[in-house]
Amino acid sequence: MDKSMLGDLNSLPEEDQIRMSTMIDQLQIRDSLRMYNSLVEKCFSDCVDTFRRKSLDKQEESCVRRCAEKFLKHSMRVGLRFAELNQGAATPD
């Protein structure tokens, strides 16, 4: 979540600004962890078929790498598009 989306935090008392900033930081960390967990779960379930070895074979490793790249590119594109839409929806006071 972008802190600029919440408007002007400077109009709040300093204690509330700190509390809001901390809350935003915690939400960003939570969202990052969710994205990471989703990436791991999806790519693992799509790419790893058996547990023959401790490490991935070349085919599994290649699949995981492609899967992760696609997932991250998609996430970045969605984030950029969301920012574009959010910026266009913002109206000056």
Side-chain angles (χ1 to χ4, degrees):
M1 179 184 302
D2 187 1
K3 292 179 185 179
S4 65
M5 292 184 342
L6 295 177
D8 190 11
L9 291 178
N10 294 329
S11 63
L12 297 174
E14 186 175 349
E15 182 180 313
D16 290 341
Q17 288 178 25
I18 293 169
R19 195 171 26 234
M20 288 297 292
S21 181
T22 301
M23 186 185 312
I24 291 168
D25 290 341
Q26 289 172 345
L27 289 171
Q28 286 176 330
I29 290 169
R30 186 195 68 196
D31 289 344
S32 294
L33 289 172
R34 280 185 180 169
M35 186 177 89
Y36 176 78
N37 287 335
S38 178
L39 166 68
V40 169
E41 184 177 334
K42 170 138 180 52
C43 293
F44 184 84
S45 65
D46 287 354
C47 297
V48 179
D49 299 323
T50 63
F51 294 96
R52 310 183 285 266
R53 302 184 188 107
K54 287 193 295 186
S55 60
L56 299 175
D57 62 27
K58 290 184 187 228
Q59 182 180 1
E60 291 170 332
E61 189 174 332
S62 175
C63 179
V64 169
R65 184 174 288 117
R66 274 193 318 274
C67 178
E69 287 174 2
K70 284 181 183 180
F71 187 94
L72 293 173
K73 284 179 184 178
H74 172 75
S75 295
M76 286 182 6
R77 180 63 187 130
V78 168
L80 289 172
R81 184 67 178 132
F82 179 74
E84 290 170 6
L85 292 172
N86 188 39
Q87 197 171 33
T91 55
D93 290 342

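- Look at E69 and R66 and you find no salt bridge, because none of the NZ, NE, NH1 or NH2 atoms lies under 4.0 Å from a carboxylate O.
- Across every non-hydrogen atom of E60 and C47, the tightest pair is CG-O, 3.4 Å.
- Using modelled atom types, one finds no donor on one side chain facing an acceptor on the other under 3.5 Å when comparing S38 with R34.
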Show your working on side chain to side chain contact (heavy atoms under 4.5 Å, CB included) between R81 and R77 and close with a plain yes or no.
CA-CA 6 Å; R81 184 67 178 132; R77 180 63 187 130; 4.1 Å; yes
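- Between the CG atom in L56 and the CZ atom in F44 there is a gap of 8.0 Å [rounded to 0.5 Å].
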Donor-acceptor pairs are to be reported for all side-chain atoms of residues 48-55 against protein atoms at under 3.5 Å, with residues two or more places apart or in another chain.
unit_1 : atom_1 : unit_2 : atom_2 : d
T50    : OG1    : R52    : NH1    : 2.8
R52    : NH2    : D57    : OD2    : 2.5

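- The residues R65 and E61 are annotated as salt-bridged, a charged nitrogen and a carboxylate oxygen being separated by less than 4.0 angstrom.
- Expressed to the nearest 0.5 Å, how far SG of C67 lies from CG of L39 amounts to 6.5 Å.
- With sequence neighbours left out, R19 forms a salt bridge (Lys or Arg N to Asp or Glu O under 4.0 Å) with E15, D16.
- Here E41 contributes atom CD and D46 contributes atom CG; the two are 10.0 Å apart, rounded to the nearest 0.5 Å.
- Between C63 and C43, the sulfur-to-sulfur (SG-SG) separation does not fall under 2.5 Å.
- In Q59, the CD atom is not crowded: 12 or fewer heavy atoms of neighbouring residues, nucleotides or ligands sit closer than 6.0 Å.
- Not a single salt bridge (Lys or Arg N to Asp or Glu O under 4.0 Å) links K70 to another residue, sequence neighbours left out.
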